[in-house]
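Here is the structure we will look at, set down as structure tokens.
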Amino acid sequence: MSVFHYLAEAVFFGFIVLVFFGGLLTVLARFLMHAVLGLAVAFVGLAGLFFHLGSPFMAMMQILIYVGAVCVMLVFGIMVGQAPTRTEQLGRRGNNQFLAVSTCSLGFVLVTATLVRTRWIAVSERIGDFSLQHLGESFLHQFVLAFELISVVLLVAIIGALIIARKPQETLES
Amino acid sequence: MMPSDSLTTYLIVGVFLLFVGLFGMIRHRSLIGMLISVELILAGAGLNFMAFNRFTAPDPAVGQAFTLFIMGIAAAEAAIVISLVIAVHRRFHSADPQAIDELRG
């Protein structure tokens with residue numbers, strides 16, 4: 001085991017720390033802008049994990065789509081919608097806060113205990129590889145219907161978003 | 001075996017994202033805060049797909065394709081919700097879910 005392996009492990013744990021820190025910052029932030037910042041940090045960490053999973057293409061798409069597009073759109077929504085920038089106006093649900101923390105922690109512990117005990121069956125032999133070429137071929141052979149449907153869904157969603165967000169205007173009188 | 005070469009490590013991160021997102025949906029008091037938490041949950045789902053793809057799937061293209069689909073759906077969902085938030089804010093002058101109770105009987 002060379003020193004580079006340990007260096008790679010250190011980088012891997014750095015990405016995991018980024019995901020955990022970003023996730024906690026997202027839900028615990030007092031201001032919505034800080035929450036979006038935490039989301040971006042968590043997504044950068046996830047991109048690193050995708051890189052470790054053997055897919056640099058997915059890491060790049062993660063940064064392009066999530067950090068580049070979704071986070072910018074969220075900032076846009078916060079600034080246009082003038083949402084209350086402080087996330088907590090608590091007081092009336094103090095007990096619910098404790099209940100939420102305990103329930104989510106319990107669920108996390110239970111699911112983690114289950115998946116640590118499970119013996120996952122490793123893959124014996126592979127068809128194809130992780131290359132972008134193989135991914136593109138399967139998009140155009142195996143998943144061509146889903147691929148086209150996703151395109152239509154995106155188109156409909158964008159047109160629908162434009163129509164919903166449009167200023168209500170007077171109906172045309174003929 | 002190194003931790004970066006074990007499926008369980010990635011799954012634990014995915015479970016963490018799921019429950020942090022659930023907690024954020026309960027905690028955040030505005031529609032955009034809840035949308036951010038849903039994005040966390042979807043990211044956890046994508047990480048699970050990628051991890052199972054790397055360790056247990058015979059064809060490595062399947063998990064990557066599904067993760068790309070999840071990214072597309074998440075982007076479409078974010079666009080729709082942002083436009084809904086803008087429309088709701090224009091109508092109710094608030095993004096607090098508890099202020100939008102016109103349909104309550």
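All chains are named by letter (A, B, ...) in the order of the sequence lines, taking the proteins before the strands, and each is independently numbered beginning at 1. Heavy-atom basis, side chains included; hydrogens, waters and symmetry copies ignored. Computed from a predicted model, the values in this text were never measured in an experiment.
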Under 4.5 Å heavy-atom distance to chain B, tell me which part of [X] shows up: side chain, backbone, both or neither.
X      : value
A:E137 : neither
A:E9   : side chain
A:T26  : both
A:L74  : both
A:F43  : side chain
A:A8   : neither
A:F12  : side chain
A:F130 : both
A:I164 : both
A:V101 : both
A:L39  : side chain
A:V70  : side chain
A:L46  : side chain

Distance check, rounded to the nearest 0.5 Å: [X] atom [atom1] versus [Y] atom [atom2]?
X      : Y      : atom1 : atom2 : result
A:M73  : B:I82  : CE    : CD1   : 6.0 Å
A:I150 : B:I73  : CD1   : CD1   : 4.0 Å
A:I78  : B:S30  : CD1   : OG    : 7.5 Å
B:L42  : A:Y66  : CG    : OH    : 5.5 Å
B:L7   : A:W120 : CG    : CH2   : 6.5 Å
A:I65  : B:I70  : CD1   : CD1   : 11.5 Å

Quick one, [X] and [Y] - any side-chain contact, counting heavy atoms below 4.5 Å?
X      : Y     : value
B:M50  : A:L49 : no
A:I16  : B:Y10 : no
A:L99  : B:I26 : no
A:T103 : B:F19 : no
A:F147 : B:L68 : no
B:F23  : A:L28 : yes

Practice item. Determine the interplanar angle of the A:F20 and B:F16 rings, folded into 0 to 90°, and report it as parallel if under 30°, tilted if 30 to 60°, perpendicular if over 60°. Key: parallel
Review point. Checking B:R54 side chain against A:S55 main chain: does a donor-acceptor pair fall under 3.5 Å?
Key: no
Review point. With respect to chain B, which residue among A:H5, A:R126, A:H52, A:M61 yields the maximal number of heavy-atom pairs within a distance under 4.5 Å?
Key: A:R126
Exercise for review: Give the member of A:L155, A:T118, A:V111 that has the highest number of heavy-atom pairs under 4.5 Å with chain B.
Suggested key: A:V111
Check your understanding: Of the listed residues (B:L47, B:N53, B:T56), which shares the most heavy-atom pairs with chain A below a 4.5 Å separation?
Key -> B:L47
Point to revise | is_close_aromatic(B:F69, A:F139), centroid dist under 6.0 Å | key: yes
